[in-house]
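Just so you know, these numbers use all the heavy atoms, side chains as well, and skip hydrogens, waters and symmetry mates.
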Amino acid sequence: MDVATEATRSLQGLSPELTARVPQLLEAMRTVGAGLDLHVTLDRIVATAAELADARYAAIGIIDETRAGLSDFVTYGVTRQQHEQIGALPDGHKGLLGALIHDPRPLRLGNLTEDARSAGFPPGHPPMRTFLGVPIRVQGEVFGNLYLTEKRGGAEFSEEDLHMVRVLATEAGIAIGNARLHAATRQRERWIDGSVAVTTELLAGSDVDDALAVVAEQARKLADSAAGIVLLPDDEGGLEIVAVSADDPAGIMGTQIPNDSPVVEQLLTGEPVFVEDSASDPRMVTDIAQRFGPSMMLPLKSGGRVLGTLATPRSRGARPFTAAERTLATQFAAQAALALVLADAQRDRERLAVYEDRDRIARDLHDLVIQRLFATGMILESAQRRTIVPDVALGVGKAVDELDVTIQEIRTAIFALQQGPAEAPSGLRTRVLREIGTAAVPLGFQPSAGFIGPVDSRVGELTGKNLIAALREALSNAFRHAQASRIDVVVDASIRLADGTDGVRLTVADDGIGIPDSGRRSGLKNLAKRAESLGGCSTYGPGLGEDGTGTTVRWEAPL
């Protein structure tokens with residue numbers, strides 16, 4: 001208010017010509033002050049200033065954080081075709097624009113091309129002669145400069161024009177300050193909402209891989225970046241990319257940053273790394289760095305423990321991250337790390353409950369079911385010896401054989417139920433059987449399993465880990481939605497993918513109710529994203545039931 005009052009006081013005692021234009025000025029000030037969107041406000045300012053001073057062209061150059069150049073340039077009067085002919089917008093490092101940045105005082109010129117500070121115009125630029133420049137201050141600091149050129153009719157800008165534009169610039173500073181405050185508030189709200197969404201999703205019971213994918217996706221959206229990437233420490237002391245959210249994730253998943261990289265030590269000690277251009281920064285040693293420009297690499301740190309790193313790179317040539325964005329992203333990473341720790345603790349409690357339930361089921365199977373089946377088999381064998389009818393003896397013998405097979409299958413299931421998490425071998429076949437055994441508890445029956453080809457020796461660790469996660473997702477979907485009574489699981493390591501490369505296919509088929517037309521597809525989308533990140537695909541079709549009822553999910557990825 002003090003600034004506005006002082007600016008208005010400067011109009012007192014002016015010429016009758018200027019006094020007659022005061023109503024026009026007041027209307028211009030009212031127009032500039034309307035609205036809270038920053039970009040709309042800037043467009044309104046340049047249009048209003050041009051109309052007030054009767055100028056053909058107007059522009060606002062916004063000073064960047066280094067105070068050495070321009071971060072944005074908003075124009076009025078220049079057509080789209082002229083913009084295309086001019087090319088890149090001015091950066092403010094030279095010419096009159098640069099001079100006004102370093103010396104922010106009002107400037108009025110009759111012919112700007114004759115000024116020693118002028119750097120000329122690029123090809124395609126419209127001719128400009130008369131010039132008026134006024135700084136715009138927001139809360140006492142120069143935000144940028146308002147430029148007017150080419151007063152209509154060929155006349156020069158007058159002192160009255162300068163007075164009017166200075167007052168308008170003061171009102172513009174107030175309007176920009178309000179718009180920036182509104183934008184900052186909205187930005188903080190979005191990051192807070194994103195943190196809440198991540199926490200809610202993680203505590204909803206998602207597995208680790210899905211939890212990390214949620215963090216990557218939310219970070220990408222909030223940071224307005226080209227990708228959201230989560231990296232975890234690997235066995236060699238470096239970092240490995242384990243979750244990616246990007247339009248083109250191929251080739252990113254599984255990338256490793258070696259332990260001798262300059263950024264790894266800083267990240268693993270809990271310090272963030274901010275990069276202006278990933279493609280040219282010597283600290284960025286991976287091939288994928290060539291795809292990106294500005295980047296934030298933030299430690300996922302909670303309670304002094306670094307869980308991993310969250311990276312949000314933007315496309316090459318994109319604007320750098322502001323100080324406010326860096327602060328908000330760092331806070332988001334800390335909140336996401338805390339949510340990951342809490343979700344991990346919750347999963348541990350749930351696993352403990354499952355293991356306790358499995359122990360109880362294993363004891364019941366061993367102490368009750370097997371004993372009863374064994375006793376039934378003894379009774380049938382006795383009856384078989386006493387019968388004199390050959391067909392009856394044959395049928396009873398087959399029943400006894402079936403009971404023996406059933407007892408062996410139950411003993412196998414008991415062994416799987418009694419295995420602890422630390423006892424899991426590294427073979428993919430065993431891990432698949434463990435997942436099926438675990439799923440049998442909530443399903444109430446044992447899904448069948450089949451293996452084709454050298455599953456353990458040919459399928460790589462990254463593909464195997466994602467295949468297990470895909471199997472878990474498919475079995476979970478069948479349990480929660482399908483109402484199935486039969487599930488068949490097949491892992492085939494002898495297939496060829498569409499591009500001719502060797503691959504592995506996971507098939508999970510059930511005889512349930514199928515996928516409703518209006519049903520959710522989040523689980524199927526997760527399967528597709530996981531396969532596509534490896535260069536594969538995921539599809540679904542009819543199931544095992546009569547007339548194709550149920551669902552068959554096919555998940556494929558390179559070996």
Assess Arg314 against Phe321: is NZ or CZ under 6.0 Å from the centre of the six-membered ring, and within 45 degrees of the ring's axis?
yes

Less than 4.5 Å apart, side chain to side chain, heavy atoms only: is that true for [X] and [Y]?
{"X": "Trp555", "Y": "Leu467", "result": "yes"}
{"X": "Leu70", "Y": "Ile101", "result": "yes"}
{"X": "Pro106", "Y": "Arg108", "result": "no"}

Which value, rounded to the nearest 0.5 Å, describes the distance between Leu112 atom CG and Leu132 atom CG?
11.5 Å

Any luck finding a side-chain donor-acceptor pair between [X] and [Y] under 3.5 Å?
{"X": "Ser280", "Y": "Asp277", "result": "yes"}
{"X": "His83", "Y": "Thr75", "result": "yes"}
{"X": "Arg530", "Y": "Asn466", "result": "yes"}

Main-chain N/O of [Y] paired with [X] side-chain donor or acceptor, under 3.5 Å:
{"X": "Thr309", "Y": "Met297", "result": "no"}
{"X": "Thr48", "Y": "Arg44", "result": "yes"}
{"X": "Thr170", "Y": "Arg166", "result": "yes"}
{"X": "Thr149", "Y": "Phe131", "result": "no"}
{"X": "Glu236", "Y": "Asn259", "result": "no"}

Mind checking ring-ring contact (aromatic ring centres under 6.0 Å, His included) for Phe274 and listing every partner two or more places apart, or none if nothing turns up?
none

Would one find more than 12 heavy atoms of other residues, nucleotides or ligands at under 6.0 Å from atom CD of Gln256?
yes

Test: side chain to side chain donor-acceptor pair (under 3.5 Å). Region: residues 216-233. Which pairs qualify, not counting sequence neighbours?
Arg220-Asp247

Applying side chain to side chain donor-acceptor pair (under 3.5 Å), which residue pairs with at least one partner in residues 282-297 are found, sequence neighbours left out?
Asp281-Arg283

On a heavy-atom basis, which atom in [X] and which in [Y] lie closest, and how many Å separate them?
{"X": "Ile252", "Y": "Phe292", "result": "CD1-CZ, 4.4 Å"}
{"X": "Gly133", "Y": "Leu100", "result": "CA-CD1, 4.2 Å"}
{"X": "Leu232", "Y": "Leu307", "result": "CD2-O, 3.3 Å"}
{"X": "Glu156", "Y": "Thr130", "result": "CA-CG2, 3.8 Å"}
{"X": "Leu148", "Y": "Ala53", "result": "CD1-CB, 3.7 Å"}
{"X": "Gly144", "Y": "Ile63", "result": "CA-CG1, 3.9 Å"}

Are Glu325 and Arg319 within salt-bridge range, i.e. N to O under 4.0 Å?
yes

